[in-house]
Amino acid sequence: MHGGSILDLEFALEVAVLVLLASMLSRELGVSIAIVEILLGMAGGNLLDLEPTSWMLFLASFASIVLTFLAGVEVDVGILRSKFKESVAIGGISFLLPFLGAWLFTYWVLDWTSDASKIAGVALSTTSLAVVYAVLVETGLTNTTTGKVIMAATFVTDFGTAAALSILFISPTLWLIPFVVVSALLIVGLPLLQPWFFGRYGNRVTEPEIKWVFVALFLLMYLGDKAESHAVLPAFLLGLAMSTSFAKYRTEQQRLRVVAFALLTPFFFLKAGMSISFSSLTANAGLIGVLFGVKVAAKIAGVYPFARRYLGQDAWYTTLLMSTGLTFGTISTTYGLNAGIIDQDQFSILLTVVILTAVVPTLIAQRFCQPPLAGIAVAPSVQDQELMAEGGD
Amino acid sequence: MFRKILVAYDGSDGAKKALNQACELSTVMQAETWAVAVLEHLPKYAATVGEVEETQEQGRQYLGTILVEAQSIAAALQVDLRVDQAAGQAAQTMVRYAQEHGFDLIVVGHSGHSAVWGAFLGTTADKIVRHAPCSVLVVR
């Protein structure tokens, strides 16, 4: 344990080295920084006996809400509207069936407690928008019908996960009323006030825009905690509500990302890695494989028929991408561990399954099910440019 | 003989040699000539869309710059070069691009930016030769 300030500094130094190393390795290996941070956290926790301090736990917990908010901001409302029917069908079933499958499997077969099983259900119901987005960009499919339906469906699945995490574990108190009311006021009011606030106080080195978002998120966390709920759902909805206006303020969005990636999310992913136990992994390797199978089988059973109906030949590709997971899965399992709902063994098992779902379905989709390629940006030839300059066709 | 020529372009010296060769062929055969640059190394298994977008934007800017340079080289050789960007693994993307856009010749430099990896895993040129749906000219 780390008590005194010199020990805090020693721990901070060790963590800072891991964070820096993660950035470098991520660049060299071409793998996302989140995966590298989790792996380095795992190494730090198991090989160097690093244990998260209270300040790290606090930053990690705030980072999880910032990540959820950013996931909401990343929702393209236009795509969601244009592909509403398909995305609700595919995204809804993509959440529901794996949630029920993992919940019932861990409850009935593995004999986990009711709440621990619900955490398993939530953690394995997710689809990773970021993993999906990277694959769609690499395939040049972001602007095709298949790409748009997959992204919109992922938003719906994310919503299901956030809602389940916020609602399933509520122990209603009177604080629930202010939590719901303030959440609604922020979700409705902040996007309306944002243009005025950004216009009057924006574009300064002191970044009032970021502080404005942080105040709202801290308020949600505070009230969520008082109400014995979780701020994930309102944070996601707040991000969603602000996504349209944030799209007009790309620089502010980029600065928010910089602060999040540099100062907050590394603690979240490192902390998650530190909480994984090597011995649990080796003792439960078979179970990890089985739970991975449960998630993917449930996604196939649920998503494939709808994907076949709406997207025809791209059904397998869609199903596999909808089987990916990372950020929301990590948030759910970390919440379960911090709230004492799951133990370290269960956390280690679930998080490893989550990481596997980020990697394996992606590899299979890209290797065996890739739809036709499309260019991402065609630039005109010099001759065309001259013709355009001359007003020709 | 060749109507549509595709140059795999990554801005390296090898790619520039390939472009020069393609331009010569294009002049002789009156062929339509394209240079395509591939955006590789997007972060795999990302946690946030932002991480992918930032990398993508940086890559797009870089590829835009080298493709403008390619057009200048071609223009100096009196060839009207069309350019495009695609994302993915370089060899696989070039092969699919050629297939889907009906190219009948791919011109590629023997070694591009990935020469060190190429020594161990095979170069992009090796892979294109093995899998291309059309003729391939490897320029040394």
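Letters go in sequence order (proteins before strands), and every chain restarts at 1. Both backbone and side-chain heavy atoms feed into the values below; hydrogens, waters and symmetry mates do not.
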Smallest heavy-atom separation, Pro43(B) atom then Ala134(A) atom, equals O-CB, 3.9 Å
Residue part contacting chain B, namely of Leu129(A), when any heavy atom lies under 4.5 Å: both
Nearest heavy atoms of Ala47(B) and Thr327(A), plus distance in Å: O-OG1, 2.5 Å
Of all heavy-atom pairs between Phe261(A) and Thr48(B), which one has the smallest distance, and what is that distance? CZ-OG1, 3.0 Å
Does any backbone or side-chain atom of Phe328(A) lie under 4.5 Å from a heavy atom of chain B? Answer side chain, backbone, both or neither. neither
Please look at Glu54(B) and chain A and tell me whether the side chain, the backbone, both or neither of the residue comes under 4.5 angstrom of a heavy atom of that chain. side chain
Picking from Ile355(A), Thr330(A), Thr362(A), which has the most non-hydrogen pairs under 4.5 angstrom with chain B? Thr362(A)
Tell me whether Arg27(A) at atom CZ has more than 12 heavy atoms from other residues, nucleotides or ligands lying less than 6.0 Å away. no
Please indicate whether Lys4(B) has more than 12 foreign heavy atoms, meaning atoms of other residues, nucleotides or ligands, lying under 6.0 Å from its NZ. yes
Using a 6.0 Å cut-off, check whether atom CE of Met24(A) has over 12 heavy atoms from anything other than its own residue. no
Taking side chain as everything from C-beta outward and backbone as N, CA, C, O, which of these in Leu363(A) sits under 4.5 Å from a heavy atom of chain B? Side chain, backbone, both or neither. side chain
For residues Ala130(A) and Val49(B), report the shortest heavy-atom separation together with the two atoms involved. CB-N, 3.6 Å
Look at Arg257(A) together with Glu51(B) and state whether they make a salt bridge at an N to O cut-off of under 4.0 Å. no
Please classify the contact between Ile33(A) and chain B as side chain, backbone, both or neither, with a heavy-atom cut-off of under 4.5 Å. both
Picking from Ser128(A), Ser32(A), Ala260(A), Ala358(A), which has the most non-hydrogen pairs under 4.5 angstrom with chain B? Ser32(A)
Do Arg250(A) and Glu57(B) meet the salt-bridge criterion of a basic N to acidic O distance under 4.0 Å? no
Heavy-atom closest pair, residues Tyr45(B) and Ile35(A): O-CG1, 3.7 Å
